Protein chains: 2
Amino acid sequence: MVIDSNFFMNLALREAWKYQGLTYPNPAVGCCIVGSNNELIAVEAHQKAGSPHAEIMALQSAYFKLTNNSKILELTSSIDIHNFLLNYHNNCFKNISLYTTLEPCSHIGKTPSCASLICVLGIKKVFVGFNDINVEASGGNDILKKSGVDVKTLLLEKKSQDLIKPFNIWNQDKFIFFKWAQRLNGTTDDGTVSSAHSRKNVHAMRDICDLLVIGGNTVRTDRPTLDSRLVNGKAPDILIISRTKEFDKSIPLFNIENRKVFIEDNFLKLDNYKNIMIEGSSKMFELSKDIVDYFLCYLAPNMAGKSGFEKVEEKFDILNIDQEDQDIIMWMKREI
Amino acid sequence: MVIDSNFFMNLALREAWKYQGLTYPNPAVGCCIVGSNNELIAVEAHQKAGSPHAEIMALQSAYFKLTNNSKILELTSSIDIHNFLLNYHNNCFKNISLYTTLEPCSHIGKTPSCASLICVLGIKKVFVGFNDINVEASGGNDILKKSGVDVKTLLLEKKSQDLIKPFNIWNQDKFIFFKWAQRLNGTTDDGTVSSAHSRKNVHAMRDICDLLVIGGNTVRTDRPTLDSRLVNGKAPDILIISRTKEFDKSIPLFNIENRKVFIEDNFLKLDNYKNIMIEGSSKMFELSKDIVDYFLCYLAPNMAGKSGFEKVEEKFDILNIDQEDQDIIMWMKREI
């Protein structure tokens, strides 16, 4: 296996995909810090809005590795890590390279931008996967170049673009992803399909999404709550797709405060939301696939169940696969 | 993500799994070379019998990285690489650590053993995933320790054991793996399922296995050749599982020289072979699963086809997943 810049960018991409769906309204971004002998020093990702950017996470982790000063690990806020690095970097980063899947931000708020921090720390080489098209935050590459940083852009451009696409979509419109859990034999029925880890991951996404779409039959059969109790998160608004508006209102999902529940026979309500998760199986897949941007499948390695996905003229491009707690987590898009 | 010794051993494991099924009668082994600052220098695996061991592949690759002397890259035989390293190492390895999924061999044949080479090269630290239980080659750890090498054994022991298990099985008995190709919806019918890369990978395994088992109905319907023409390899012996012995002998598989074809209603013939691949789908799976050691699934990300795996009371442990040319390649064993 060749250990080159693609290898490091791929590591950054894989780390970032672990948090896809959880960073809204921020992008999923990954970052590697690599030393002068091509030694891998840190791999981190942006985990959720309000948490530090991927570059800050990776620089924090790298600082500890390079200096053995564990004080930086006690810091959690971006501003604290920024300030610590600015005060105590002591040129420890001067020979490192930074790989980031997205152009470092130029946005100055409570903290200096990631781009200017990189300049101040004396980092000489930055590899960028995809350029930021967000007006407020873009321009990071220019800041770096003006400070004499060697910037190589568009490394693994296509993969980096796939990673950032949800962010670019919800900046302009709404991002819709279809989530399902299935077994290896394609079945989706007959009780719990996915692992405890996968279910917790789904709850974390429900906590972040602002609308959850589900089929009427599923509501009637499963009588779900559709909250995010496994991560102590919020219950998103619900759109039930159903021809009839009649539902037993004692079904738990109807009895949660501060949640709107819509019952419609179409997807028009989606226009009022930005980050939308559709949960379902084959019927909802058929109904919604033409408006879906990305597909997220939790694949459990067993062959129980009876029915599930039947023949669909659909081919996917796999964007990322990961394995957690036995299930395979697959992000996909339709093959173009 | 923590960059620690587990991280490096996992990289070695993942690289080794790419060649699982192809190394017979040798084990699948992976090896990482890591520098004094924890920099990753090389990741390589044993690729096939007759090729250099994983440690030699990794040391070759690392030598080039450390010295920039590309002469070593022109060498392909184990003895040449061994001799080159012995003559020209110039202590370039003295600060590196070596991670290997299997205890380095102590076997001295045409070349010195990997264990003694490691000692001569002055490597100070070796991490070993699983100890070699093969009498002829074991004892490598002792050789290392006697030379003052710091040996840490049983790092990711369970994963390393899963990787080496086919080798340990065929040393004592016969190793049987069940291979199938399916789509995301569990279907296995209706034409070609897997990608060109996956089909080539299967042919490489046919070239290496000594018996291929297949169902009578598949032979009648698909009229296959069951050779390994995509890799210019050999055609393995065939066992057709069928109640009747009547077959149209113009089916291509019957007309290949130097191949035995058996038609039986049982698996007794397997006792005469060591490395056995069963190809099939749900029916053959049901027939054979109790004698199968490992399961190998090529999963194509689309939902065409009509029928495939139905309900089976079988849970798997995923041993490794990889993605190549769109298909997911999954090695699994039955959950204990």
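Computed from heavy atoms alone, side chains included, the values below leave out hydrogens, waters and symmetry copies. Quick caveat: nothing in here was measured; it's all calculated off a predicted structure. Chain identifiers are assigned alphabetically (A, B, ...) following the order of the sequence lines, protein sequences preceding nucleic acid strands; residue numbering begins at 1 within each chain.
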Calculate, to the nearest 0.5 Å, the distance between atoms [atom1] and [atom2] belonging to [X] and [Y] respectively.
X: L13(A); Y: D162(A); atom1: CG; atom2: CG; result: 9.5 Å
X: T101(A); Y: W17(A); atom1: OG1; atom2: CH2; result: 10.5 Å
X: Y294(B); Y: K333(B); atom1: OH; atom2: NZ; result: 5.5 Å

Quick one: which of L299(A), L184(A), L66(A) has the most heavy-atom pairs under 4.5 Å with chain B, could you say?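 Heavy-atom pairs under 4.5 Å are most numerous for L184(A).
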Heavy-atom pairs under 4.5 Å with chain B are the metric here; pick the option from D190(A), I321(A), V34(A) that has the most.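 Looking at each option in turn, the highest pair count goes to I321(A).
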So which of [options] has the largest heavy-atom pair count under 4.5 angstrom toward chain A?
options: V43(B), T187(B), D327(B), V2(B); value: V43(B)
options: E313(B), K18(B), K65(B); value: K65(B)
options: I3(B), L11(B), T188(B); value: I3(B)
options: S307(B), P301(B), G305(B); value: P301(B)

Go through F127(B) and F8(B) one step at a time and tell me if the ring-ring contact (aromatic ring centres under 6.0 Å, His included) criterion holds. CA-CA 10 Å; F127(B) 296 83; F8(B) 294 118; 8.8 Å; no
What part of [X] gets closer than 4.5 Å to chain A, counting heavy atoms only: side chain, backbone, both or neither?
X: E314(B); result: backbone
X: R334(B); result: neither
X: M57(B); result: neither
X: M332(B); result: side chain
X: D322(B); result: backbone

Which heavy-atom pair separates [X] from [Y] by the least distance, and what is that distance?
X: W180(A); Y: M303(B); answer: CZ2-CE, 3.7 Å
X: L163(A); Y: A16(A); answer: CD2-CB, 3.6 Å
X: I81(B); Y: P52(B); answer: CD1-CG, 3.9 Å

A quick test of your reading: do over 12 heavy atoms of other residues, nucleotides or ligands sit less than 6.0 Å from NZ of K315(B)?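 Not buried by this count: 12 neighbours or fewer within 6.0 Å.
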